[in-house]
Amino acid sequence: MIVWLNGTHCAGKTTTSALVQQLMPDSRVFDAEKVGETLMDITPGLPWTGNFQQWPPWRPLVVETARHVLDYTGGTLVIPMTVLVEQYWREISTGLAQHAIPLRHFVLHADQDTLRGRIEGDTVLGPSPFRLKYLEPYAEAARTWLHGEAEVVDTTHLTPAQQLAEAVKS
């Protein structure tokens, strides 16, 4: 099975994925961003589009990597990865379905003020214009399609790890 943790920057995906992994002994965390980083390391570089998710190879490579890891290890893959473009989500979710991989899609959600405060107050990475620019695309995706495609877990006032782990186990 795959547990996909979606949501924008500072919603709690990375923290929650580590906690869920601890609560589910047969699980592993797969950071699909590493697939994008591998593509970014190709020289000469691929035509830059502003985001590695826009490169056509990224989506099927995420699917194939997840499939091969699950074929090798079994269990559950927890994937903390923001996907805000509906077409990209369709490609990934359809690809997983074609391999009969069960998928639980969660969106970790917090209101815009909370997200902005978390980004601006980040003591590890510092304030980030890059992360701030994704607040509006997240809000638009949430309004138009994303929340309809996932189980929404509100992280505004609470940590969702235990709640999420119980939902996945059921």
Side-chain angles (χ1 to χ4, degrees), residues 1-41 51-53 57-85 88-111 114-115 117-119 121-126 128 130-131 134 138 141-142 146-170:
M1 173 195 329
I2 290 178
V3 175
W4 195 288
L5 302 178
N6 207 337
T8 195
H9 300 283
C10 288
K13 296 180 305 297
T14 301
T15 300
T16 301
S17 66
L19 294 170
V20 169
Q21 192 273 326
Q22 291 173 7
L23 294 168
M24 299 178 71
D26 71 336
S27 65
R28 289 174 169 73
V29 175
F30 165 42
D31 185 351
E33 190 166 319
K34 300 297 184 191
V35 174
E37 290 174 6
T38 297
L39 292 172
M40 290 177 5
D41 285 344
N51 185 325
F52 61 73
Q53 290 187 13
W58 181 77
R59 285 132 9 229
L61 284 172
V62 167
V63 170
E64 288 303 310
T65 303
R67 177 178 74 88
H68 285 285
V69 169
L70 286 173
D71 284 350
Y72 181 61
T73 64
T76 300
L77 278 184
V78 180
I79 304 178
M81 186 73 213
T82 302
V83 178
L84 301 179
V85 177
Y88 300 169
W89 178 251
R90 296 268 176 254
E91 289 178 39
I92 292 167
S93 60
T94 300
L96 295 170
Q98 288 172 342
H99 294 293
I101 300 171
L103 172 66
R104 295 287 301 271
H105 182 203
F106 294 90
V107 171
L108 304 186
H109 173 80
D111 63 58
T114 298
L115 292 168
R118 289 177 186 171
I119 293 168
D122 189 327
T123 59
V124 176
L125 298 175
S128 168
F130 173 82
R131 293 186 293 163
Y134 282 92
Y138 168 74
L146 184 58
H147 284 193
E149 292 291 320
E151 299 174 56
V152 178
V153 179
D154 191 328
T155 68
T156 302
H157 301 293
L158 52 95
T159 303
Q162 184 69 48
Q163 176 184 354
L164 192 58
E166 292 305 314
V168 169
K169 289 178 184 177
S170 65

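- For the pair Met81 and Glu33, the tightest heavy-atom approach, listed with the atom from each and the gap, is SD-N, 3.6 Å.
- In terms of heavy-atom proximity, Tyr134 sits nearest to Asn51 at OH-ND2, 3.2 Å.
- Within the structure, every pair that satisfies the salt bridge (Lys or Arg N to Asp or Glu O under 4.0 Å) test and touches residues 59-81, not counting sequence neighbours, is listed here: Arg59-Glu91, Glu64-Arg67, Arg67-Asp71.
- Across all non-hydrogen atoms, the minimal contact from Val62 to Phe30 is O-CE2, 4.0 Å.
- For Asp31, there are no side-chain hydrogen bond (donor to acceptor under 3.5 Å, both in side chains) partners, not counting sequence neighbours.
- No donor-acceptor distance shorter than 3.5 angstrom exists from the side chain of Gln53 to the backbone of Leu84, with no hydrogens or angles considered.
- Without hydrogens or angle criteria, Thr155 side chain to His109 main chain gives a donor-acceptor distance under 3.5 Å.
- With Thr76 contributing its side chain and Ser27 its backbone, the two residues share no donor-acceptor pair below 3.5 Å.
- Between atom CG of residue Asn6 and atom CD of residue Glu151 there is a gap of 13.0 Å, rounded to the nearest 0.5 Å.
- For Leu39, the side chain to side chain contact (heavy atoms under 4.5 Å, CB included) criterion is met by Ile42, Leu46, Trp55, Pro57, Trp58, Leu61, not counting sequence neighbours.
- In plain terms, the two heavy atoms of Trp4 and Leu103 that are nearest each other are CB-CD1, 4.0 Å.
- Here the NZ atom belonging to Lys34 is positioned 10.0 Å from the CZ atom belonging to Phe52, to the nearest 0.5 angstrom.
- Rounding to the nearest 0.5 angstrom, the gap separating the CD1 atom in Ile79 from the CZ atom in Arg28 is 13.0 Å.
- Scanning for side chain to side chain contact (heavy atoms under 4.5 Å, CB included) contacts around Val69 gives Thr65, Thr73, Leu77, with sequence neighbours left out.
- Residues Phe130 and His9 bring their aromatic ring centres within 6.0 Å.
- Between Cys10 atom SG and Tyr138 atom OH the span is 13.0 Å, to the nearest 0.5 Å.
- Looking at residues two or more places apart in sequence or on another chain, you find a side chain to side chain contact (heavy atoms under 4.5 Å, CB included) between Gln98 and Thr94.
- Separation of atoms OG1 (Thr82) and CG (Leu146) is listed at 9.5 Å; rounding is to 0.5 Å.
- Annotation for Gly95 and His99: closest pair O-CD2, 3.1 Å, computed over non-hydrogen atoms.
- Heavy-atom minimum distance, Leu96 versus Ala66: CD2-CB, 4.4 Å.
- Annotation: salt bridge (Lys or Arg N to Asp or Glu O under 4.0 Å) contacts involving residues 72-84, sequence neighbours excluded, are absent.
- Panel note: side chain Lys13, backbone Gly7; a donor-acceptor pair is recorded below 3.5 Å.
- Between Arg131 and Leu125 the shortest side-chain heavy-atom distance falls below 4.5 Å.
- Not a single donor-acceptor pair under 3.5 Å links the side chain of Ser17 to the backbone N or O of Val78.
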